[in-house]
Amino acid sequence: MLHLKLETDPRWVTIVESNIEEILTDHAWCEQKAATNAITIITNNSEHEELVTELIKLAQEELEHFQMVHDIIKKRGYTLGRERKDHYVNQLYKFMNKGGSRQQSFVDRLLFSAMIEARSCERFKLLSQRIKDKELSKFYHDLMISEAGHYTTFITFARKYGKGIDVDKRWKELVAFEGELIKSYGKSETIHG
Ligand SMILES: [Fe+2]
Ligand SMILES: [Fe+2]
């Protein structure tokens with residue numbers, strides 16, 4: 001369904017398992033960033049009623065995810081670490097067209113968001129299948145379903161608001177760009193690392 005170019009090497013899960021505290025902190029901040037991203041899209045495109053309605057819901061779900069990860073951190077006696085940078089997302093950000101029309105930037109932002117959801121979903125799926133920790137396996141399975149729904153939301157809106165733009169072509173370009181980018185990842189205990 002996600003049509004990503006490259007699947008994550010399952011050995012990444014072994015790296016994650018070596019430092020659960022770090023993956024939880026990184027993951028918590030991913031959810032915070034996802035909520036913030038949805039709110040930024042609303043702020044810049046407030047005239048689209050359906051988009052605002054759906055992204056308010058999505059931002060609330062991301063905040064709930066943030067809370068769920070934080071609850072696990074507390075339950076395990078860890079402390080949420082300082083905000084982590086997401087190098088993958090920062091590099092993916094470079095794909096976006098910043099000099100084009102407002103509509104082009106809008107569509108790119110939606111596709112960028114869809115891509116992060118797709119890769120997160122792929123990572124959560126792998127974790128749910130391979131991580132030995134039963135609680136985390138179930139947790140990541142549930143999140144995988146939720147993030148797959150978010151992917152669909154962003155892709156659907158890109159098509160809806162991208163009238164006159166070849167959205168499928170742009171998506172294919174992003175899939176190719178991400179496929180190259182992700183080759184240098186899968187080596188650290190972060191969600192997109
Ligand atoms: Fe999430
Ligand atoms: Fe999400």
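Note that ligands are numbered from 1 as they come in the structure, with each ligand's atoms numbered from 1 the same way.
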Asker: Using 0.5 Å steps for rounding, measure from the CG atom of Asp86 to the CD atom of Gln91.
Answerer: 10.0 Å
Asker: Parallel under 30°, tilted from 30 to 60°, perpendicular over 60°: which one fits the rings of Phe95 and Phe177?
Answerer: tilted
Asker: Hydrophobic side-chain clustering at under 4.5 Å (ILVMFWY, transitive links): who's grouped with Ile56? Put none if nobody.
Answerer: Ile41, Ile42, Leu51, Val52, Leu55, Leu58, Phe106, Leu110, Phe154, Phe157, Tyr161
Asker: Using a cut-off of 2.8 Å, find all protein N, O or S atoms closer to the Fe ion (ligand 1) than that distance.
Answerer: Glu31 OE1, Glu62 OE1, His65 ND1, Glu147 OE2
Asker: Taking salt bridge (Lys or Arg N to Asp or Glu O under 4.0 Å) as the test, write out the residues that go with Glu61, two or more places apart.
Answerer: none
Asker: Side chains of residues 66-73: which donor-acceptor pairs under 3.5 Å do they make with residues two or more places apart or in other chains?
Answerer:
none

Asker: Please name the pair of heavy atoms, one in Val16 and one in Glu189, separated by the smallest distance, quoted to 0.1 Å.
Answerer: CA-CB, 3.9 Å
